Trainee: 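Starting off with a structure, shown below.
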Amino acid sequence: MDIPTQMDPVIYLDNAATVYPKPSEILDASLALYKLYGVNPGRSGYDLCMVGGELVQSTRAKLTQFFGGTDPDRLCFAYNASDALNLLIQGMVEPGDHVISTTAEHNSVIRPLNHLRRDQGVTVDYVPTGTDGMVDPWEIAKLIRSQTKLVVVNHGSNVIGAVQPVAEIGAICRERGIRFVVDTAQTAGVIPINIQEMHIDALAFTGHKSLLAPTGIGGCYVAEGVEVKHTRAGGTGVRSAYPYHLDEYPFRLEVGTPNVLGIIGLHEAQRYIAERGLEEIYRHEMELFTKLHNALAEIDEVTLHGTTKLENRLPVLSFTVDGWDPADVGVLLDGDHNIACRTGLQCAPLMHDRMGTSPRGTVRLSVGPMNVESDIQAAINGVRDIAEARRGAKKPRQAAGRDHGHVRLVTDEPAP
Ligand SMILES: Cc1ncc(COP(=O)(O)O)c(C=O)c1O
């Protein structure tokens with residue numbers, strides 16, 4: 001396939017998957033720096049390499065400060081949140097340990113834990129959320145036993161936007177001497193995070209969502225005094241004669257040449273976030289989101305799933321339309337209305353089990369920093385159109401010229 005160099009603009013409401021487009025000032029500045037300093041950083045003594053290494057260290061320092069950490073060397077880069085969660089979970093748990101997590105988790109927590117359960121005799125409890133998707137910290141406390149080593153919690157749901165009370169959960173873990181890991185994939189860059197105030201022992205982040213960097217970069221911050229054993233080994237650029245992987249951070253959790261463009265992207269995005277302001281970004285997204293949420297709530301055929309509160313949440317919602325398969329709503333939003341969304345289980349199967357939306361899942365719309373009012377109006381019109389088609393008032397246009405022949409209602413009635 002020839003990759004087109006131009007695409008028609010899309011109304012993008014899939015920011016929980018990745019924020020798109022990234023602000024061009026971040027992309028332009030990152031590319032300019034990468035053109036200049038895109039060598040293998042910190043490996044040699046020539047100037048380019050030294051400055052490249054400084055850029056990496058400066059990014060560690062910025063992110064350490066961003067997360068309320070104290071030691072930039074404990075900010076370790078990885079590919080993304082999934083990679084960092086694997087490093088943390090596998091590096092903190094031994095056979096026979098007990099781990100507590102929640103049904104709000106993404107597969108990037110559920111699957112590593114299930115592997116440890118299946119292959120290494122680790123026991124795992126998933127605390128059920130309420131039907132609103134919220135975790136009650138005391139339900140976690142009740143499950144703590146002498147073998148409990150670790151609690152892992154998703155800070156913000158990628159399905160319904162619920163933001164968990166991580167500071168309360170962290171306080172319980174700290175008091176009981178249990179390690180506390182937080183998945184900030186959805187919250188970092190929109191909700192303030194402070195590892196000290198939230199009693200977090202280690203967090204995982206991803207670059208490509210609200211941290212506004214390119215894909216392929218993420219990492220973790222490991223608080224002082226917390227040990228994470230390394231589960232992979234390789235080049236570090238220093239102490240090459242030593243036969244094993246290094247124990248010092250950040251080398252302990254990093255192997256091989258880092259994603260320099262990704263790290264530069266994080267660096268430049270930190271500047272953008274600081275200039276625009278975290279609070280202002282959140283205010284902008286929530287203003288648009290509130291309009292979307294309230295308009296969808298008024299459509300009779302639409303059910304919004306999970307939390308309905310509009311404070312202390314993320315601008316992410318999940319809905320179904322009576323009579324429609326969520327996948328087909330996604331096809332119609334795309335084909336008839338040019339709207340990009342996500343449908344199905346969104347890598348969070350336990351959350352859907354709890355909400356009663358398995359196995360077909362939901363339609364997810366998620367607002368990002370680059371959305372504007374007209375995107376929201378288009379989404380409202382699109383969902384209304386699809387709901388009206390159910391009433392028989394309108395037929396879906398099914399995207400003239402595109403093959404959407406499989407679109408169907410979930411009832412036995414023939415599709416309108
Ligand atoms: C809550 C949550 N955790 C983890 C991840 C994994 O992030 P990544 O795909 O960047 O590894 C995601 C991605 O959607 C997520 O939403």
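As the structure is a computational prediction, the values presented were derived from the model and not from experiment.
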Trainee: Evaluate the side chain to side chain contact (heavy atoms under 4.5 Å, CB included) criterion for residues Leu211 and Leu266: first the C-alpha distance (whole Å), next the side-chain angles of each, then the deciding distance (0.1 Å), finally the verdict.
Mentor: CA-CA 7 Å; Leu211 288 176; Leu266 280 169; 4.0 Å; yes
Trainee: Is the backbone of Val135 close enough, under 3.5 Å, to the side chain of Gln164 for a donor and an acceptor to pair up by distance?
Mentor: yes
Trainee: Could you tell me whether Glu25 and Arg271 make a salt bridge, using a distance below 4.0 angstrom between a side-chain N and a carboxylate O?
Mentor: no
Trainee: Just by distance, do the side chain of Arg179 and the backbone of Ala202 share a donor-acceptor pair under 3.5 Å?
Mentor: no
Trainee: Considering non-hydrogen atoms only, spot the tightest contact between Val109 and Ser101 and give its length.
Mentor: CG1-OG, 3.7 Å
Trainee: Looking at every heavy atom in both Gln196 and Gly68, which two are closest together, and how far apart are they?
Mentor: NE2-O, 2.7 Å
Trainee: In Å, rounded to the nearest 0.5 Å, how long is the span from CG of Leu203 to OG1 of Thr184?
Mentor: 5.0 Å
Trainee: Are more than 12 heavy atoms, taken from residues, nucleotides or ligands other than Gln147, located less than 6.0 Å from that residue's CD atom?
Mentor: yes
Trainee: Counting only N and O atoms by type, is there a donor-acceptor contact under 3.5 Å from the side chain of Arg60 to the main-chain atoms of Leu75?
Mentor: yes
Trainee: Taking all non-hydrogen atoms of both residues, which atom of Arg364 and which atom of Ala17 are closest, and how far apart?
Mentor: NH2-N, 3.4 Å
Trainee: Tell me if a side-chain donor or acceptor on Glu268 pairs with a main-chain N or O of Ile26 at a distance below 3.5 Å.
Mentor: no
Trainee: Is it the case that more than 12 heavy atoms not belonging to Gln65 sit under 6.0 Å from its CD atom?
Mentor: no
Trainee: Would you kindly say whether Thr70 and Glu224 are connected by a side-chain donor-acceptor distance under 3.5 Å?
Mentor: yes
Trainee: Between Asp201 and Phe180, is there a donor-acceptor pair closer than 3.5 Å when you use the side chain of the first and the backbone of the second?
Mentor: yes
Trainee: Please determine whether side chain to side chain contact (heavy atoms under 4.5 Å, CB included) holds for the pair Met355 and Val159, giving the CA-CA distance in whole Å, both sets of side-chain angles, and the decisive distance to 0.1 Å.
Mentor: CA-CA 11 Å; Met355 298 197 305; Val159 179; 3.9 Å; yes
Trainee: Indicate yes or no: at least one non-hydrogen side-chain atom of Met351 is less than 4.5 angstrom from one of Gln346.
Mentor: no
Trainee: Against the six-membered ring of Tyr79, is Arg232 placed for a cation-pi contact (under 6.0 Å from the centre, within 45° of the normal)?
Mentor: yes
Trainee: Taking atom types as modelled and ignoring hydrogens, do the side chains of Thr357 and His352 form a donor-acceptor contact shorter than 3.5 angstrom?
Mentor: yes
Trainee: How many angstroms lie between OG in Ser30 and CD1 in Ile263, if you round to the nearest 0.5 Å?
Mentor: 12.0 Å
Trainee: Is Gln270 reaching over with its side chain to a backbone N or O of Thr59, donor-acceptor style, under 3.5 angstrom?
Mentor: no
Trainee: Just how far is it from atom CG of Asp385 to atom CD1 of Ile380, taken to the nearest 0.5 Å?
Mentor: 12.5 Å
Trainee: If you measure from the Lys or Arg side-chain nitrogens to the Asp or Glu carboxylate oxygens, is any gap between Arg283 and Glu287 under 4.0 Å?
Mentor: yes
Trainee: Classify the side-chain pair Ser374/Gln377 by whether it contains a donor and acceptor separated by less than 3.5 Å.
Mentor: no
Trainee: What are the two closest heavy atoms between Glu285 and Pro315, and how far apart are they?
Mentor: OE1-CG, 3.3 Å
Trainee: Apply side-chain hydrogen bond (donor to acceptor under 3.5 Å, both in side chains) to the pair Thr102 and Glu139, showing each step before the final yes or no.
Mentor: CA-CA 10 Å; Thr102 82; Glu139 294 300 319; over 6 Å; no
Trainee: Is it true that a side-chain atom of Thr103 and a backbone atom of Thr129 form a donor plus acceptor pair closer than 3.5 Å?
Mentor: yes
Trainee: Test side chain to side chain contact (heavy atoms under 4.5 Å, CB included) on Lys149 and His98; report intermediate values, then the result.
Mentor: CA-CA 6 Å; Lys149 180 75 158 292; His98 173 233; over 6 Å; no
Trainee: Does any non-hydrogen side-chain atom of Glu388 lie less than 4.5 Å from one of Glu301?
Mentor: no
Trainee: Without swapping roles, check the side chain of Ser366 against the backbone of Ala16 for a donor-acceptor pair under 3.5 Å.
Mentor: yes
Trainee: I need the Leu13 CG to His337 NE2 distance, nearest 0.5 Å.
Mentor: 13.0 Å
Trainee: Determine whether the side chains of Ser358 and Asp353 contain a donor N or O and an acceptor N or O closer than 3.5 Å.
Mentor: yes
Trainee: Can you check whether Asn80 reaches Asp83 side chain to side chain, under 4.5 Å on heavy atoms?
Mentor: yes
Trainee: If we ignore hydrogens and angles and just use 3.5 Å, is the side chain of Asp375 paired with the main-chain N or O of Val372 as donor and acceptor?
Mentor: yes
Trainee: For Val163 and Leu314, what are the C-alpha separation, side-chain angles and deciding distance, and is it a side chain to side chain contact (heavy atoms under 4.5 Å, CB included)?
Mentor: CA-CA 7 Å; Val163 173; Leu314 294 172; 3.9 Å; yes
Trainee: Locate the shortest heavy-atom distance separating Arg313 from Thr307; write the atom from each residue and the value.
Mentor: NH1-O, 3.2 Å
Trainee: Could you state the interatomic distance from CG (Leu212) to CZ (Arg276), rounded to the nearest 0.5 Å?
Mentor: 8.5 Å
Trainee: Can you name the closest pair of heavy atoms from Leu88 and Cys220 and give their distance?
Mentor: CD1-CB, 3.9 Å
Trainee: Check whether any side-chain heavy atom of Ser108 sits under 4.5 Å from a side-chain heavy atom of Cys347, and report yes or no.
Mentor: no
Trainee: Whether the side chain of Asp328 engages the backbone of Asp325 through a donor-acceptor N/O pair (distance < 3.5 Å, no angle test) should be reported.
Mentor: no
Trainee: Show me the side-chain donor-acceptor pairs of residues 1-12 shorter than 3.5 Å, one per line, residues at least two apart or across chains.
Mentor:
residue: Tyr12; atom: OH; partner: Asp14; partner atom: O; Å: 2.9
residue: Tyr12; atom: OH; partner: Thr18; partner atom: O; Å: 2.6

Trainee: Can Arg111 and Asn114 be counted as having a side-chain donor-acceptor contact under 3.5 angstrom?
Mentor: no
Trainee: Around atom CD of Glu248, are there more than 12 heavy atoms of other residues, nucleotides or ligands at under 6.0 Å?
Mentor: yes
Trainee: Please identify each residue that fulfils ring-ring contact (aromatic ring centres under 6.0 Å, His included) with His245, with sequence neighbours left out.
Mentor: His230
Trainee: Hey, are the side chains of Pro192 and Leu278 touching, using non-hydrogen atoms and a 4.5 Å cut-off?
Mentor: yes
Trainee: Should we count OH of Tyr37 as having more than 12 external heavy atoms under 6.0 Å?
Mentor: no
Trainee: With rounding to the nearest 0.5 Å, note down the distance linking CG in Leu292 to CG in Leu317.
Mentor: 5.0 Å
Trainee: So, do Leu296 and Ile299 sit near enough that their side-chain heavy atoms are less than 4.5 Å apart?
Mentor: yes
Trainee: Is there a side-chain contact between Leu143 and Val127 in this structure, where contact means two heavy atoms from C-beta onward sitting under 4.5 Å apart?
Mentor: yes
Trainee: Do Val222 and Leu253 come close enough that some side-chain heavy atom pair is under 4.5 Å?
Mentor: yes
Trainee: Knowing that exactly one of Ile200, Val182, Asp71 qualifies, which makes a side chain to side chain contact (heavy atoms under 4.5 Å, CB included) with Tyr221?
Mentor: Asp71
